[in-house]
Amino acid sequence: QVQLVESGGGLVQPGGSLRLSCAASGSIFSINTMRWYRQAPGDERELVASITSGGWTNYADSVKGRFTSSRDNAKNTLYLQMSSLKPEDTAVYYCNVDLQTGRGMRETTYWGQGTQVTVSS
């Protein structure tokens, strides 16, 4: 079994910063691309950032220059450093990971449970 546990969400004022973490544990052989999605009430889930196993990153236009995704492969952990936060960044943030549970096994995508980020004064 594989678990993705997110942490770091909370309430922050506009202009503030937060750092989200997503730790993967369980039967993991290798991790490929890791992603952050978010979903605000009434909206569809959207891709915020992605990072490959080699460290290549990609960001939604709405967060470029404000958010930075990184990963610690030794700890199987994904991070999202969020700065200059805006009220429109308010959403539940989910991590999403492509991984193999064993050599030669099919790659499977797993989701975290989500962590709430609220940007408000």
Donor-acceptor contact below 3.5 Å, side chain T77 vs main chain K75: yes
Restricting to non-hydrogen atoms, name the atom on I51 and the atom on S69 that form the minimum distance, rounded to 0.1 Å. CG2-OG, 3.7 Å
At what distance, to the nearest 0.5 angstrom, does OG of S120 lie from CG of L85? 12.0 Å
May I ask you to test the T68-Y59 pair for a side-chain heavy-atom distance under 4.5 Å? yes
Output all residues satisfying side-chain contact (heavy atoms from CB on, under 4.5 Å) with V92, sequence neighbours left out; order by chain, then residue number. Y94, Q116
If you count every heavy atom of other residues, nucleotides or ligands that lies below 6.0 Å from Q113 atom CD, does the total exceed 12? yes
Spacing of C95 atom SG and L4 atom CG [to the nearest 0.5 Å]: 4.5 Å
So, does Q1 use its side chain to make a donor-acceptor pair with the main chain of G26 at under 3.5 Å? no
One pair to check against side chain to side chain contact (heavy atoms under 4.5 Å, CB included): N76 and I28. What are the steps and the verdict? CA-CA 9 Å; N76 289 339; I28 299 171; 3.9 Å; yes
Would a single hydrophobic cluster contain both M34 and V63, if residues Ile, Leu, Val, Met, Phe, Trp and Tyr are joined by side-chain heavy-atom contacts under 4.5 Å? yes
Is any side-chain heavy atom of Y37 less than 4.5 Å from a side-chain heavy atom of N96? yes
Could you check if a side-chain atom of W36 sits within less than 4.5 angstrom of a side-chain atom of L20, using non-hydrogen atoms only? yes
Would you check, one step at a time, whether the test side chain to side chain contact (heavy atoms under 4.5 Å, CB included) holds for F67 with L80? CA-CA 7 Å; F67 290 11; L80 185 67; 4.1 Å; yes
Could you pull out the closest heavy-atom pair between A40 and A91, with the gap in Å? N-CB, 3.8 Å
Heavy-atom check, side chain of V5 versus side chain of C22, under 4.5 Å: no
Within this structure, what is the CE-OH distance for the pair M82 and Y93, rounded to the nearest 0.5 Å? 5.5 Å
Can T33 and D98 be said to form a side-chain hydrogen bond (donor to acceptor under 3.5 Å, both in side chains), step by step? CA-CA 6 Å; T33 300; D98 297 336; 4.7 Å; no
Rounded to the nearest 0.5 Å, what separation is found between the CD atom of Q81 and the OG atom of S17? 6.0 Å
Do R35 and W111 meet the cation-pi criteria used here (NZ or CZ under 6.0 Å from the six-membered ring centre, within 45° of the axis)? no
Under a 4.5 Å cut-off applied to non-hydrogen side-chain atoms, are P87 and P14 in contact? yes
Taking only residues two or more places apart in sequence or in another chain, which ones pass ring pair (Phe, Tyr, Trp, His ring centres under 6.0 Å) with Y79? none
How long is the straight-line distance from CG of L99 back to OG of S53, given to the nearest 0.5 Å? 12.0 Å
Quick test of your reading: applying salt bridge (charged side-chain N to carboxylate O under 4.0 Å, His left out), list the pairs with at least one residue in residues 84-95, sequence neighbours left out, ordered by first then second residue. R38-D89, R66-D89
Is R19 reaching over with its side chain to a backbone N or O of G8, donor-acceptor style, under 3.5 angstrom? no
Report the C-alpha distance between I31 and R71 in whole Å, list the side-chain angles of each, state the deciding distance to 0.1 Å, and finish with yes or no for side chain to side chain contact (heavy atoms under 4.5 Å, CB included). CA-CA 11 Å; I31 297 179; R71 60 193 284 173; 3.5 Å; yes
Residue pair V117, T90: steps toward the side chain to side chain contact (heavy atoms under 4.5 Å, CB included) verdict: CA-CA 5 Å; V117 172; T90 295; 5.9 Å; no
Run the numbers on Q100 and S30 for side-chain hydrogen bond (donor to acceptor under 3.5 Å, both in side chains), then give the verdict. CA-CA 5 Å; Q100 289 178 288; S30 68; 2.9 Å; yes
Non-hydrogen side-chain atoms of N32 and E107 separated by less than 4.5 Å: yes
